[in-house]
Amino acid sequence: LTKTTNFFPPLLYQVATGFLDPSNISYPFRKLFKKYPNFHFHMGELIEIRETENKIVLTTGELSYNKLVIATGTQTNFFGNDNIRTAALPMKNIGDAILIKNTILERLEMASRTKDDTERKILTTIVIAGGGPTGVEIAGMLSELKRNIIPGEYPELRNISIDIYLVDGGARLLAPMSAHAQQYTFGALSDMGIILRLGTLVKDFIGDSVTFTDGSEIIAKTLIWSAGVTGSTINGLKPECFGRGHRILVDEYNKVFGTESIFAIGDTALQVSDSGFPGGHPQLAQVAIQQGVKLAKNILADEQGRTLSPFRYHDKGSMAIIGRNKAVADLPKPSLHFKGFLAWLMWLFVHLISLVNYRNKLRTFSSWIVAYLSKDQYLRMIFTPSVLEDHSKGFLNESSKKNI
Ligand SMILES: Cc1cc2nc3c(=O)[nH]c(=O)nc-3n(C[C@H](O)[C@H](O)[C@H](O)COP(=O)(O)OP(=O)(O)OC[C@H]3O[C@@H](n4cnc5c(N)ncnc54)[C@H](O)[C@@H]3O)c2cc1C
């Protein structure tokens with residue numbers, strides 16, 4: 001792994017908007033596994049697989065394996081656009097969320113100081129690309145920041161219209177969810193003051209100008225990028241091992257095609273053998289968790305000479321939160337749709353119990369209670385490691401610097 005902590009991506013957007021502390025949704029791997037004497041943690045980035053030698057090469061050394069499980073997830077897809085990659089803010093990990101929070105807070109400060117109306121408008125206009133759950137959830141949270149916090153804490157911006165755009169190339173928000181969920185979300189976000197632009201894709205982002213495929217343009221300093229993900233290239237795997245979205249093709253036991261002892265699970269794996277999901281599984285936490293459990297059982301079964309069982313995804317449904325008392329939930333069997341307060345309670349419960357330990361559950365629950373009752377949270381602070389401001393000190397080596 002490239003980092004030392006496990007974290008819970010569904011709540012990243014609350015870290016990005018200063019409503020949750022990063023430590024509420026993270027936990028150190030070493031502590032998580034300290035009770036297992038046969039578990040070893042090695043921090044490093046996978047550079048290459050040497051299949052014939054049963055070895056992997058990392059940025060921090062080499063490891064030998066009997067069986068190799070690849071669970072490298074996905075990375076943000078900028079669709080080959082370097083302007084967007086360098087200037088937009090992705091939302092994929094804790095570092096991204098902290099960068100979004102710091103950037104928004106810094107730009108609000110700049111907007112409060114400037115005497116130039118045009119500059120103030122650019123600094124206070126935010127475009128979110130991607131109307132999936134991440135885009136919807138961050139739009140909802142920014143709307144709460146705009147309504148409940150900015151008027152009280154930024155008196156200089158009290159009479160300014162802060163524009164938050166949510167843009168998606170499709171005709172609907174939350175594309176994988178039901179039409180009930182999509183319609184409700186559209187109405188709820190519109191009521192919350194989010195400007196929705198559907199059916200057009202972001203084409204470029206140069207010098208504060210976000211341009212779209214329909215020829216239109218929004219002048220904004222901040223573009224939050226939640227428009228897609230892609231698998232990553234892994235040196236040592238043959239090109240024919242990769243399928244759509246650069247995901248690794250696996251059989252029904254999650255074994256990588258054409259290999260003997262290499263497996264892939266989670267977002268990075270593309271498995272088309274499950275009859276319910278002929279195009280591959282959705283890139284969701286439940287798929288990753290269920291594949292991990294199934295693969296562990298199959299590896300043990302294989303060691304003990306028992307029959308292996310193929311992976312079948314058990315879809316437990318999907319949900320998205322929009323804002324205070326507003327969420328949507330689709331349950332597959334029986335087919336049920338929930339919206340509003342009930343779906344919001346369901347969302348809170350499911351996300352709270354999914355956090356890794358009681359400490360995180362308790363701290364997140366108390367943060368939510370405070371935020372709900374006070375319509376506020378006090379985490380709007382900018383922290384930047386000093387080492388980033390003075391690289392000459394050399395406290396961190398190159399490989400760890402980029403993963404702070
Ligand atoms: C903002 C956001 C919100 C989400 N919300 C939801 C939700 O509400 N519900 C839901 O079901 N799913 C949600 N997801 C998707 C969910 O997080 C993923 O499906 C799930 O995390 C996939 O698990 P994984 O183990 O395959 O990959 P990941 O959780 O992405 O883990 C991959 C790990 O591999 C490491 N890694 C990558 N490349 C290398 C390398 N070369 N060498 C070493 N280590 C490497 C990464 O650092 C990372 O720690 C969300 C995702 C995001 C980004």
Side-chain angles (χ1 to χ4, degrees), residues 1-17 20 25-29 41-49 56-61 63 68-77 89-97 100 128 130 132-138 141 174 176-177 224-237 246-248 250 254 263-271 280-293 295 313 315-321 327-330 346-348 350-351 354-356 399-400 402-404:
L1 283 149
T2 54
K3 299 183 214 79
T4 56
T5 43
N6 165 273
F7 70 96
F8 187 60
L11 293 180
L12 270 182
Y13 78 100
Q14 297 206 7
V15 174
T17 45
L20 270 186
I25 65 161
S26 321
Y27 205 69
F29 284 118
F41 179 77
H42 182 116
M43 190 177 97
E45 188 177 342
L46 175 67
I47 301 289
E48 189 189 347
I49 299 172
I56 55 168
V57 182
L58 305 154
T59 44
T60 48
L63 291 174
L68 174 68
V69 180
I70 305 170
T72 45
T74 52
Q75 57 188 30
T76 304
N77 190 353
L89 297 164
M91 246 278 280
K92 192 72 181 86
N93 53 45
I94 296 272
D96 292 342
I100 291 178
I128 304 160
T134 303
V136 163
E137 289 171 355
I138 199 153
M141 219 65 194
L174 299 179
M177 292 193 73
I224 297 176
W225 193 254
S226 58
V229 290
T230 176
S232 24
T233 306
I234 294 187
N235 293 327
L237 286 184
H246 222 73
R247 290 163 82 181
I248 302 171
V250 295
N254 283 88
F263 301 83
I265 52 172
D267 281 4
T268 196
L270 182 60
Q271 188 176 52
H281 300 105
Q283 287 164 301
L284 292 174
Q286 267 306 317
V287 177
I289 293 166
Q290 292 177 30
Q291 281 185 339
V293 172
L295 177 60
Y313 175 47
D315 184 3
K316 294 184 175 173
S318 49
M319 43 180 53
I321 189 166
V328 284
D330 290 337
M346 289 164 69
W347 186 97
L348 292 185
V350 167
H351 285 77
S354 304
L355 284 166
V356 73
S399 74
S400 36
K402 61 179 181 182
N403 292 312
I404 285 174

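Counting convention: from 1, in listed order, for ligands and their atoms alike. Note that the coordinates shown come from a computational prediction; the quantities given were computed from them, not determined experimentally.
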Mark up the atoms of ligand 1 that fall under 4.0 Å of a heavy atom belonging to Thr134, in ascending order.
1 (C), 2 (C), 3 (C)
Decide side-chain hydrogen bond (donor to acceptor under 3.5 Å, both in side chains) for Ser226 and Lys92; before the verdict, give the C-alpha distance in whole Å, the side-chain angles of both, and the deciding distance to 0.1 Å.
CA-CA 8 Å; Ser226 58; Lys92 192 72 181 86; over 6 Å; no
Check each heavy atom of Ala71 against ligand 1 and say whether those closer than 4.0 Å belong to the side chain, the backbone, both or neither.
backbone
Could you check Trp225 against Leu89 for side chain to side chain contact (heavy atoms under 4.5 Å, CB included), going step by step and ending with a plain yes or no?
CA-CA 6 Å; Trp225 193 254; Leu89 297 164; over 6 Å; no
Which one of Ala285, Ser226, Ser354 has a non-hydrogen atom at the shortest distance from atom 11 (O) of ligand 1?
Ala285
Residue Gly266 vicinity, atoms of ligand 1 by number, heavy atom under 4.0 Å
26 (O)
Counting from 1, what ligand 1 atoms have a heavy atom of Met91 closer than 4.0 Å?
1 (C), 53 (C)
In terms of atom number and element, which parts of ligand 1 are under 4.0 angstrom from non-hydrogen atoms of Glu45?
40 (C), 41 (N), 42 (N), 43 (C)
Consider only side-chain N and O atoms of Thr60 and His42, and report whether a donor and an acceptor are under 3.5 Å apart.
yes
Can you give the donor-acceptor pairs under 3.5 Å from side chains of residues 285-292 to other protein atoms, not counting sequence neighbours?
unit_1: Gln286; atom_1: OE1; unit_2: Gln290; atom_2: NE2; d: 2.9
unit_1: Gln290; atom_1: OE1; unit_2: His314; atom_2: N; d: 2.9
unit_1: Gln290; atom_1: NE2; unit_2: His314; atom_2: O; d: 2.9
unit_1: Gln291; atom_1: OE1; unit_2: Gly266; atom_2: N; d: 2.7
unit_1: Gln291; atom_1: NE2; unit_2: Gln271; atom_2: OE1; d: 3.2

For Gly73, atoms of ligand 1 separated by under 4.0 Å from a heavy atom:
26 (O), 27 (O), 30 (O), 32 (C)
Please could you name the atoms of ligand 1 that Gln283 approaches to less than 4.0 Å, counting only its heavy atoms?
15 (C), 19 (O)
Find all atoms of ligand 1 within a distance of less than 4.0 Å from any non-hydrogen atom belonging to Asp267, and give their numbers and elements.
18 (C), 19 (O), 20 (C), 22 (C), 26 (O)
For Leu46, is at least one N or O under 3.5 Å away from an N or O on ligand 1?
yes
